[in-house]
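Read through the structure below, which is laid out as structure tokens, and then see the notes.
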Protein chains: 2
Amino acid sequence: MRVRLEEVARAASVSPKTVSRVLNDEANVSEETRKRVRAAMEELDYRPHPSARSLAGNRSFVVAMLYDNNDNPASTYLAEIQDGVLEACDAHRYSMMVRPLRMRGDDFIRRLDALISDHHPDGVVLTPPITDYAPLLKRLRERNVPYASVSPQSDTSIGVRMDEQAAARAIVEHLLGLGHRRIAHVLGIADHGASRWRLAGYREAMAAAGVPEDPALVVQGAFTFGSGVTAARELFALKQRPTAVFAANDDMATGVMWAAGEYGLKVPQDLSVCGFDDTPLARQLWPALTTVQQPSREMGRIAAQQLLNLLRGRGTGELVQMPFSLQIRGSTARVS
Amino acid sequence: MRVRLEEVARAASVSPKTVSRVLNDEANVSEETRKRVRAAMEELDYRPHPSARSLAGNRSFVVAMLYDNNDNPASTYLAEIQDGVLEACDAHRYSMMVRPLRMRGDDFIRRLDALISDHHPDGVVLTPPITDYAPLLKRLRERNVPYASVSPQSDTSIGVRMDEQAAARAIVEHLLGLGHRRIAHVLGIADHGASRWRLAGYREAMAAAGVPEDPALVVQGAFTFGSGVTAARELFALKQRPTAVFAANDDMATGVMWAAGEYGLKVPQDLSVCGFDDTPLARQLWPALTTVQQPSREMGRIAAQQLLNLLRGRGTGELVQMPFSLQIRGSTARVS
DNA sequence: CAGCGAATTGACAGCGCTGTCATCCGTGTC
DNA sequence: GACACGGATGACAGCGCTGTCAATTCGCTG
């Protein structure tokens with residue numbers, strides 16, 4: 001049968017309660033006792049029973065990662081975040097549960113409640129685009145479930161964020177520095193924070209360079225490869241074509257490059273293209289895509305880390321700022 | 001405070017044990033009592049406490065989905081399977097836990113043991129390529145953890161499988177039917193079942209059509225976009241170029257189309273290309289990709305379903321055969 | 001060296017369910 | 001009509017931990 005806490009206690013000649021204290025890193029255990037107990041645990045290869053801990057301690061040791069499976073940005077993005085969250089949870093012996101949660105639908109709150117009642121997560125990690133949905137945040141607070149967010153729009157949450165606007169500005173400045181003036185922008189899905197920030201950065205850079213905004217150069221996309229193709233066709237049909245395109249993510253940038261091929265435009269000679277995210281694809285393309293590195297996995301890890309700090313009583317958690325870095329590659333070149 | 005089983009019992013005027021029986025769909029409860037108890041549960045919005053159930057019943061109601069995060073085929077593939085597994089688990093109020101598990105490394109068994117001891121999954125779902133790793137299966141059996149597989153190579157497991165060889169044969173026959181004879185094949189990662197079956201189907205179709213095999217037309221890939229590009233360049237450098245390419249998955253097929261663009265080859269006029277999987281990308285490409293639809297999400301759901309049947313004592317689970325279907329689209333055309 | 005507060009440790013009940021086994025009841029049998 | 005039998009129900013203990021609170025020990029003060 002499995003080793004129980006009681007046996008560890010016997011082996012270390014202490015009471016079960018003391019072993020419990022060591023297990024939970026509680027205060028008021030002498031250093032010497034702590035060592036002896038740890039040794040006994042090790043010796044017996046003791047594994048606490050999660051359900052028993054959960055039942056007695058009224059906590060589940062479960063972190064739920066919530067995402068919107070309706071219009072998720074890109075599955076690889078979520079998969080990477082998930083990986084990071086998992087890593088952080090593992091480090092503290094929490095388990096991770098992933099839960100899709102569509103925001104549309106009036107039974108949204110009911111579904112959220114069911115999720116909480118059925119699984120009792122100690123906390124949740126929110127991923128774009130459900131980081132800022134007010135009814136969601138409100139309900140979590142009402143039910144007293146702590147949360148941390150990846151790339152929240154408001155800065156009242158704890159979690160992690162990159163200065164996407166500054167990054168977007170920087171990449172557009174890179175294009176400007178190469179002599180481009182007719183720079184187009186392909187938007188992401190409306191009201192996603194990512195879309196807003198990247199557009200804002202684009203505008204900021206253009207304005208700072210004194211280039212008047214041309215509305216025809218800002219076209220709608222939806223974060224997908226296909227939408228990038230469509231948007232690019234629209235741009236290429238213009239009487240005065242752009243010499244460079246900044247797409248709000250790599251998938252769309254890839255679509256733009258694809259469409260360029262259709263139109264016989266060589267990248268980067270005839271058209272510079274850049275994206276955002278630095279997905280694995282970006283490096284595999286030829287020419288490789290100039291983009292902004294967004295370390296999704298790392299961001300997932302950090303967001304979960306902040307949540308866990310909170311749950312484990314190690315401070316209150318903060319909103320960590322990630323540095324960004326431009327990946328200048330072959331898809332952008334001096335305007336000809 | 002939360003509603004407990006005891007209160008449901010009181011409301012229905014039965015003993016707690018009877019409510020428990022109803023909750024677990026056990027036998028020996030009169031239909032009338034069952035109804036009364038169900039009504040009381042509904043009325044009080046009763047939610048059983050998973051940890052208490054788990055502790056008392058010696059089962060966790062957790063299904064772990066294992067995957068190899070080392071060389072996973074494509075993250076979107078796994079994400080879809082995960083979605084399906086989750087759906088099946090939800091339907092029976094099981095929770096799903098996702099666990100990466102690298103097979104390389106000599107501490108593999110130790111990591112598996114830790115996973116089992118720490119989380120006590122009632123069963124696991126295995127995904128390619130770890131569906132047939134003998135030490136894994138052996139250990140699971142030793143520790144008495146039931147499992148179901150998605151696309152296992154051997155047919156001793158329960159789970160779900162598509163006849164990939166027949167599908168590959170069918171798609172190559174489609175190319176042959178269009179008059180192609182110099183048909184190339186881009187392989188997946190060695191010893192993945194998917195690679196073997198798809199190659200076998202290719203050979204079968206070619207042999208049946210009496211086309212002698214040309215080793216130069218079968219090149220190595222690795223299931224990634226980049227490897228497709230590389231493989232295609234190799235093929236295009238041949239003195240006698242293929243008129244069609246069957247890539248072992250869509251990502252590589254996309255790479256082939258990309259490389260075709262580089263070489264000034266028009267798809268499908270100069271080159272027919274087809275893939276395997278029917279990823280979302282396949283439809284977004286232009287021309288859209290001819291491919292085999294592999295319903296990953298559905299397969300994940302079915303594999304989990306078989307496992308749950310077993311866990312819930314509803315039969316022993318089987319190895320379900322999925323039908324395949326060709327998606328003939330714009331990337332393949334009659335040889336010119 | 002008595003006396004006191006803080007640090008350390010332990011006894012015990014109980015978290016919310018289910019397994020085991022006893023009990024009860026209605027039906028069929030000869 | 002006595003008895004056996006199987007279906008339906010309930011009593012009770014206990015799953016493996018932690019919360020609460022009491023007991024003990026220790027170090028220090030005057």
Side-chain angles (χ1 to χ4, degrees), chain A residues 1-38 40-41 44-62 93-95 117-120 122 311-313, chain B residues 1-38 40-41 44-62 93-95 117-120 122 311-313:
Chain A
M1 204 43 212
R2 64 178 297 117
V3 179
R4 282 160 313 146
L5 181 140
E6 194 191 350
E7 292 154 51
V8 176
R10 212 175 306 131
S13 316
V14 292
S15 73
K17 178 65 219 192
T18 296
V19 177
S20 168
R21 274 191 268 258
V22 173
L23 190 61
N24 294 287
D25 280 328
E26 283 172 30
N28 294 335
V29 179
S30 75
E31 207 42 55
E32 188 253 322
T33 308
R34 204 179 287 273
K35 256 182 205 136
R36 215 168 61 238
V37 171
R38 287 238 168 81
M41 285 176 169
L44 298 172
D45 191 27
Y46 169 67
R47 308 287 182 151
H49 194 300
S51 302
R53 291 230 283 171
S54 165
L55 184 59
N58 196 32
R59 47 211 299 252
S60 62
F61 298 94
V62 165
R93 299 190 160 238
Y94 269 68
S95 29
S117 304
D118 286 344
H119 301 286
H120 298 270
D122 286 342
L311 295 180
R312 307 187 335 121
Chain B
M1 208 40 215
R2 64 178 298 119
V3 178
R4 281 160 313 146
L5 181 140
E6 192 191 352
E7 292 154 50
V8 176
R10 214 176 304 133
S13 316
V14 292
S15 73
K17 178 66 219 189
T18 297
V19 178
S20 167
R21 274 191 269 259
V22 173
L23 190 62
N24 294 288
D25 280 327
E26 284 174 27
N28 295 336
V29 179
S30 76
E31 207 41 55
E32 189 251 323
T33 308
R34 207 179 283 275
K35 257 183 205 135
R36 217 170 59 239
V37 171
R38 289 237 168 82
M41 285 176 169
L44 298 173
D45 190 28
Y46 169 67
R47 307 289 183 149
H49 194 299
S51 302
R53 291 232 279 172
S54 165
L55 184 58
N58 196 31
R59 46 210 300 251
S60 62
F61 298 94
V62 165
R93 298 187 162 243
Y94 269 68
S95 29
S117 305
D118 285 343
H119 302 286
H120 298 271
D122 286 342
L311 295 181
R312 307 188 333 124

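Predicted model, so just to flag it, every value in this text is computed and none were measured. Here is the naming used below: chain letters follow the sequence lines, and residue numbers restart at 1 for every chain.
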Would you kindly give the NE2-to-C1' distance between His49(B) and dG14(C), to the nearest whole Å? 13 Å
Which nucleotide in dG10(D), dA11(C), dG16(C) has an atom nearest any side-chain atom of Val14(B): dG10(D)
Met41(A) CE to dG16(D) C1', in whole Å, measures 13 Å
Glu26(B) CD to dC17(C) C1', straight-line distance once rounded to whole Å: 12 Å
Return the nearest nucleotide to the side chain of Leu23(B); candidates are dT18(C), dT18(D), dG16(C). dT18(C)
Charged N to carboxylate O below 4.0 Å: is that the case for Arg38(B) and Asp25(B)? yes
By nearest heavy atom, map Ala27(A) and Arg47(B) onto DNA chain C; which one lands nearer the 5' end? Ala27(A)
Short side-chain N/O contact to dG10(C) OP1/OP2 from Thr18(A), under 4.0 Å: yes
Taking for Leu55(B) and for Ser13(B) the nucleotide of DNA chain D with the nearest heavy atom, the one nearer the 5' end belongs to Ser13(B)
Respond yes when some side-chain nitrogen or oxygen of Thr33(A) is under 4.0 Å from OP1 or OP2 of dT8(C), and no when none is. no
Counting only side-chain N and O atoms of Ser30(B), is one of them less than 4.0 Å from OP1 or OP2 of dT9(D)? yes
With Asp118(A), which of Arg2(B), Arg93(B), Arg53(B) fulfils salt bridge (Lys or Arg N to Asp or Glu O under 4.0 Å)? Arg93(B)
Can you check the Asn58(B) CG to dG16(C) C1' distance for me, whole Å? 16 Å
State whether Glu31(B) and Lys35(B) are salt-bridged, where the test is any N-O pair (Lys NZ or Arg NE/NH1/NH2 against Asp/Glu carboxylate O) under 4.0 Å. no
Taking the minimum atom-to-atom distance to the side chain of Val29(B), which one of dC17(D), dG19(C), dT9(D) wins? dT9(D)
So, is Asn28(A) close to the dT9(C) phosphate, meaning a side-chain N or O under 4.0 Å from OP1 or OP2? no
Let's test your reading of the model: under 3.5 Å, does the base of dG10(D) pair with the side chain of Arg21(B) as donor and acceptor? yes
Please report, rounded to the nearest Å, how far the P atom of dG14(C) is from the NZ atom of Lys17(A). 16 Å
Rounded interatomic separation in angstrom, taking CZ from Arg4(B) and C1' from dT18(C): 16 Å
Taking only side-chain N and O atoms of Tyr46(B), does any of them lie within less than 4.0 angstrom of OP1 or OP2 on dC17(C)? yes
Among dT18(D), dT18(C), dT9(D), which nucleotide has an atom closest to any side-chain atom of Leu5(B)? dT18(C)
Straight-line distance of Asn58(B) CG to His120(B) NE2, nearest 0.5 Å: 8.5 Å
Residues Glu6(A) and Arg10(A) bridged, charged N to O under 4.0 Å: yes
OP1 or OP2 of dG16(C) less than 4.0 angstrom from a side-chain nitrogen or oxygen of Arg53(B), does that happen here? no
What pairs with Tyr46(B) under ring-ring contact (aromatic ring centres under 6.0 Å, His included), at least two apart in sequence or on another chain? none
Could you tell me the separation between the CD atom of Glu6(A) and the P atom of dA13(C), rounded to a whole number of Å? 15 Å
Could you give the CZ-to-P distance, from Arg10(A) to dA11(C), as a whole number of Å? 13 Å
Look at Asn24(B) and dT18(C) and indicate whether a side-chain polar atom (N or O) is within less than 4.0 Å of OP1 or OP2. yes
